Protein chains: 2
Amino acid sequence: MQEQTDPPDEPSPGLVSTAIQAIIQHIRSEGLAPGDPLPSEAAMTRQLNVSRTVVREAFRSLSAMRLIDMSAGRRATVAKLDTGAMSMVIEHGITTQQISVQQVYDVRRTIEMRTVALAALRRTDHEAAAIGRSARLMRENFRNPEAVMEHDIAFHEAIAAASHNPVFSLIVTAFSGVTRRTWVIGWRTRSSDEAQLKMIKGHEDIADAILKGDPRLAAEHMAEHFDKSVKALIDAGIA
Amino acid sequence: MQEQTDPPDEPSPGLVSTAIQAIIQHIRSEGLAPGDPLPSEAAMTRQLNVSRTVVREAFRSLSAMRLIDMSAGRRATVAKLDTGAMSMVIEHGITTQQISVQQVYDVRRTIEMRTVALAALRRTDHEAAAIGRSARLMRENFRNPEAVMEHDIAFHEAIAAASHNPVFSLIVTAFSGVTRRTWVIGWRTRSSDEAQLKMIKGHEDIADAILKGDPRLAAEHMAEHFDKSVKALIDAGIA
DNA sequence: CCTCGAAAACCTGTATGACAGGTTATTATT
DNA sequence: AATAATAACCTGTCATACAGGTTTTCGAGG
């Protein structure tokens, strides 16, 4: 029936895993770039000599990790770097209580202390403007917590983007989901308008430092921001 | 640029995506912990009123992201936090040239400067011993680059573990795959025995600082280690 | 009544065939 | 040569079947 590349008898990892590896191998050996099309399911079925069921589950797995894009009628294509999978992993860790929100914040702080410094050094004018704009929109919408949160998230993602290192962007964006779940808690602990506006001011200070191109100052403001955020979460009883 | 998932556009997320969400939702609403069993495919098929094909592809997707564990005959179970998916994403980014090795090293440096400091503060005696052991094994096997590399990777993962923040472990471990691909390059640029032993000495210094519980010193040595590694990669022409 | 082992009942892994509906290539028509 | 109709592909979903693990059940024997 089917036996072609299995001289050393292994404890079968399953046909699907094999198919996944074959597809990844195909991407590598062909040097495919994002957007390039992969073989059709039928072609892969013939090549691997397995059923379409297996090939489909393999494609679907890669799609779940956002390594490829699938859509009806079209062949699957190599995907652009995307945070989807990473985000799911983090969320899973939180919902199953394997990691705490505070631990995520510690990682965020560590990473964003760096992204903010890099952003100050490498940001384009356009990026600096986008960062400033998010900060401004936080203030303008400050009566609408939901909007403030979204601009806050956009603010941090914009800084990561301005670091010009997509790996930082990837990680920061992956944490955005967690932020959406906990942000409002921190906001509520800042009970007075004054406290809330002060927090927004902190963002503006960061944006200014990036605009001025001062990495040290930017990192200082970012550290302060995180320290206050973590304190707010602790005050609210988030483990 | 990027467009999808915006204002008017979401005709059909597909039955599989729906099923995936349903399963995740089940995990959350039931408060399942790692090891807990999920409903059988048949049960899910009835509940969602879709074919087993769809349910299976959903399970398989979650399995690909390592959110659940599947094995023949047994029901799927909630998985422990695992680096599998994250690792694949990073590797994909590298093979498709969306991120560079140097960018990964910059992230590693950022993160490990923190893990090493945390390790110095929070390591148990057992963890300190494990870290020291890896460093020692590097020296003992120093004629066998492959072995040195594996102990090097174990060294960094042990430090991350000693930080007592699983998110750091997750990220550091996710990068191990990339390290395996490039490590030997850095090793070769250290052409003399002397240079190679110096690099190993660097690891021992880090281990000592952690043992002594001196976070500042540990971070210093780690920084030095990364600076030299990155320099080695650059000298070797790794973009 | 308890123990142990075998059958039964479930479950997942893989294969096959079918068909709807989307997308691309081909061809016929103007 | 531009365009519209059509054929050829391709993916999404369903139904069915069966092999081979795993757990449960239950009866035979002590």
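Scope of the values below: all heavy atoms of this structure, side chains included, with no hydrogens, waters or symmetry mates. We name chains A, B, ... by the order of the sequence lines, and we start the count at 1 in each one. Fair warning: this is a prediction, and the values are worked out from it, not measured in the lab.
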Q: For a quick check under 3.5 Å, do A/Arg108 and A/Ser229 share a side-chain donor-acceptor pair by atom type?
A: no
Q: Between B/Ile20 (CD1) and D/dG12 (P), how many Å, whole number?
A: 12 Å
Q: Nearest to the side chain of B/Val50 - D/dC14, C/dC19, C/dA15?
A: D/dC14
Q: For the side chain of B/Val54, starting at C-beta, report the closest nucleotide among C/dT12, D/dC14, C/dT14.
A: D/dC14
Q: From the options C/dT23, C/dG13, C/dA18, select the nucleotide whose nearest atom is closest to the side chain of B/Ala72.
A: C/dG13
Q: On DNA chain D, does the nearest nucleotide to A/Thr53 precede the nearest nucleotide to A/Gly73 from the 5' side, or the other way round? Give the residue.
A: A/Gly73
Q: Rounded to whole Å, please give me the gap between CG in B/Leu38 and C1' in C/dC10.
A: 16 Å
Q: So does A/Arg56 get a side-chain nitrogen or oxygen closer than 4.0 Å to the phosphate oxygens (OP1/OP2) of D/dG12?
A: yes
Q: Within the side chain of A/Gln98, is there an N or O that forms a donor-acceptor pair under 3.5 Å with the backbone of B/Leu81?
A: yes
Q: With respect to the side chain of B/Arg74, which nucleotide from C/dC19, D/dT22, C/dT24 is positioned closest?
A: D/dT22
Q: Is there a donor-acceptor contact under 3.5 Å linking the side chains of B/His164 and B/Glu127?
A: yes
Q: More 5' along DNA chain D: B/Glu57 or B/Arg52, using each one's nearest nucleotide?
A: B/Glu57
Q: I'd like to know whether the aromatic ring centres of B/His156 and B/His225 sit less than 6.0 Å apart in this structure.
A: yes
Q: Counting just side-chain N and O atoms, does A/Ser51 come under 4.0 Å of either OP1 or OP2 of C/dT14?
A: no
Q: Which nucleotide, C/dT14, D/dT13, D/dT11, lies nearest any side-chain atom of A/Glu41?
A: D/dT11
Q: Should the pair A/Arg180-A/Glu150 be classified as a salt bridge under the 4.0 Å nitrogen-to-oxygen rule?
A: yes
Q: Any idea which of D/dG12, D/dA17, D/dT11 is nearest the A/Ser40 side chain?
A: D/dT11
Q: Expressed in angstrom and rounded to an integer, what is the separation of A/Leu15 atom CG from D/dG21 atom P?
A: 13 Å
Q: Would you mind telling me which of D/dG12, D/dC14, D/dC10 lies closest to the side-chain atoms of A/Met70?
A: D/dG12
